[in-house]
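Step one of this worksheet: look at the structure below.
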Amino acid sequence: MRMQSVLIICDNFQFLPYSIMHSLKRFPHSVILGMISIALVASSARSQTAISGNDTTGHADISNTVFGLGADFSALSGEGISMRMHFPERLSLMFTGYIYRSSNPTETMYDYGVEGQYDLVLRGRIRFYLLAGASHYSDVIEDRYHNGNQYTGPDRLGGGFGIETTLIGNDLCVSLSVALTFFQPSGDIIPLPQGGIHYYFR
């Protein structure tokens, strides 16, 4: 009975080495694209930031921001360039995507995802939130040794909780979260960490 349990656990996690390896392959490209995006936004953000009677710093406060651009790394809601809309109340919506193509052999990797967030605590420079998201991952290698998508669980759905805080002034923010992720059609259910960095402006 004990041996059978071990075999079941190993079978449920057999996709993890492949997913981790390919996430590492994707990571440098996502970081580079994300940092380029943040740099471009940062160079013009201050001139685009509206200054109200209650905000004399010219910075985008977490509780008031409406748009952010950066990078996000999540097995639940996607890896790569990320755009986030924070609405006037407690709701946020984030879209993330990435595509990469290489040769010898020809390999095409991409993902896209969406994540909704609801703020439980929103106090100036920090917020705690609940999240729910979904995504699709694809990795297709075009040779005679591979067939179709290499991910055993390309479709993901799940939810969790997270925290976001500012790094520099009120403009550059970092987020960390944990999400219970359902992988389909493999059927695996795993709690996984995720994180992102965004530059906010109005």
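Excluded from the calculations below are hydrogen atoms, water molecules and symmetry mates; all remaining heavy atoms, backbone and side chain alike, are included.
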Checklist entry - Are I141 and Q150 side-chain neighbours, meaning at least one heavy-atom pair lies under 4.5 Å? => result yes
Checklist entry - Does the side chain of L91 come within less than 4.5 Å of Y118's, by heavy atoms? => result yes
Checklist entry - So, the side chain of N149 versus the backbone of Y151: is there a donor-acceptor pair under 3.5 Å, distance only? => result yes
Checklist entry - Under the 6.0 Å and 45° cation-pi test, does R156 pair with Y137? => result yes
Item to check | Spacing of CD1 belonging to I163 relative to SG belonging to C173, to within rounding of 0.5 Å | outcome: 11.5 Å
Item to check | side-chain hydrogen bond (donor to acceptor under 3.5 Å, both in side chains) against T108, all qualifying residues, sequence neighbours excluded | outcome: R101
Checklist entry - Going from NE2 on H136 to OH on Y110, what distance comes out if it is rounded to the nearest 0.5 angstrom? => result 4.0 Å
Next on the checklist: Are I190 and F183 packed together at the side-chain level, in the sense that at least one heavy-atom pair is separated by less than 4.5 angstrom?
Outcome noted: yes
Item to check | From L120 atom CG to L130 atom CG, the distance as rounded to the nearest 0.5 Å | outcome: 4.0 Å
Next on the checklist: Within this structure, what is the CE-OG distance for the pair M94 and S77, rounded to the nearest 0.5 Å?
Outcome noted: 4.5 Å
Next on the checklist: Salt bridge or not between R84 and E164? Use side-chain N to carboxylate O under 4.0 Å.
Outcome noted: yes
Next on the checklist: Testing the 3.5 Å rule here: is there a donor-acceptor pair between the side chains of S186 and D188?
Outcome noted: yes
